[in-house]
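Some notes on the structure that comes next.
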Protein chains: 2
Amino acid sequence: MFYIQIDFNSDEALYMQLRNQIIYGLANDVIHEGDSLPSVRQLADTIGINMHTVNKAYAVLRQEGFVKLDRRRGAVISVDADKMQAVKDLYSDLSVVLAKASCKGVSRSEIHDVVDKILNSYEEEDGQTDAV
Amino acid sequence: MFYIQIDFNSDEALYMQLRNQIIYGLANDVIHEGDSLPSVRQLADTIGINMHTVNKAYAVLRQEGFVKLDRRRGAVISVDADKMQAVKDLYSDLSVVLAKASCKGVSRSEIHDVVDKILNSYEEEDGQTDAV
DNA sequence: ATAGTGTTCTATCAAATATAGAACAAGTAT
DNA sequence: ATACTTGTTCTATATTTGATAGAACACTAT
């Protein structure tokens, strides 16, 4: 298990890196709805971090509506697609980022190009690899 | 002085809130190239935080190429528009945000709409207010 | 000279991060 | 039933970050 890359020299918190990696996996169709994530202990052992750090990442993902907890199957991918909330979150997440880019002279069309480039990268990835 | 709003109950660091507010001011044309920012001590006193916290925000803004230090005028807005770097930064800043939105079912066109909505809000603001 | 720039140094306190070990209720496997 | 695994919760500790504070420095403006 599996594709997750953790950078121990990063200034980003380990549990946040882990959360992000799982979201990337979802966006790139490497992880799918209904998949079981490894147990907190197992994943912690695999990537060499503490159980509680993985648990925190899972708790965040649950809070954000990406996983649900099935007592028999552990943490299961179950995306709660609250569209209204998602658009709200997107708006606040983008505001600072776009302001910064705009100040730096990145044009509207260039911003749209970057967005498309990122979105296209999801579809180019093959989603058939059984990663978990 | 002036439009800056700090939320002491936010989980976001004060110096980062301050940095963001100044970038918002730039994007919304409330602060302009060549404007002097208040001194670290003065701004700290105005918004009720420590001098070193303001200094850290200024240091970050300098590091990111938004202000330069003029010994006679203090911190002066001077946007170093390194387009290549700005697009790179935009790309990495957007990757997690867009992955999250994409997982939540926000479509490509909806994302572009949010981007345009944010960018349009900059142009709607009048930039004639002498804020500093 | 006096006062004001940003900056740098030490210091302290609170909070966040990561680690560790132990235990719990619930479910699975044998 | 027994043993094991699931996420979760509790206490505890070490490290780092964020925010505060006071002092001082080199430089500039008046």
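Numbered from 1 within each chain, the chains take letters A, B, ... in sequence-line order. Heavy-atom basis, side chains included; hydrogens, waters and symmetry copies ignored.
In the hydrophobic clustering (ILVMFWY side chains linked at under 4.5 Å, chained through shared members), B/Met84 stands by itself.
Side-chain atoms of B/Gln85 and B/Asp80 include no donor-acceptor pair closer than 3.5 Å.
Rounded to whole Å, the distance from CG on B/Leu18 to P on D/dG18 is 14 Å. In this structure, NZ of A/Lys68 is placed 18 Å from C1' of D/dT6, rounded to the nearest angstrom. Taking atom CD on B/Gln17 and atom C1' on D/dG18, their separation rounds to 12 Å, with Å as the unit. The CG atom of B/Asp45 sits 13 Å away from the P atom of D/dT20 (whole-angstrom rounding). If you measure from atom CD1 of B/Ile47 to atom P of D/dA19, you get 11 Å, rounded to the nearest angstrom.
Under the rule for a salt bridge (charged side-chain N to carboxylate O under 4.0 Å, His left out), B/Asp82 has no partner lying at least two apart in sequence or in another chain. By the ring pair (Phe, Tyr, Trp, His ring centres under 6.0 Å) test, A/His52 pairs with no residue at all, sequence neighbours left out. With sequence neighbours excluded, the residues satisfying side chain to side chain contact (heavy atoms under 4.5 Å, CB included) with B/Asp116 are A/Arg108, A/His112, B/Asn120.
Taking side-chain N and O atoms only, B/Ser39 has no distance below 4.0 Å to OP1 or OP2 of C/dG4. In terms of phosphate contacts, A/Gln42 brings no side-chain nitrogen or oxygen within less than 4.0 Å of OP1 or OP2 of D/dT5.
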Contacts under 3.5 angstrom, residues 91-100 of chain A side chains, donor-acceptor by atom type, not counting sequence neighbours:
| residue | atom | partner | partner atom | Å |
| --- | --- | --- | --- | --- |
| A/Ser92 | OG | A/Asp89 | O | 3.1 |
| A/Ser95 | OG | A/Ser92 | O | 2.9 |
| A/Ser95 | OG | B/Tyr24 | OH | 3.0 |

Exercise. Sugar-phosphate means primed atoms, P, OP1 and OP2; the rest is base. With that split, encode nucleotides 7-20 of chain C 5' to 3' as B, S or - using protein heavy atoms under 4.0 Å.
Key: BBB-------SSBB
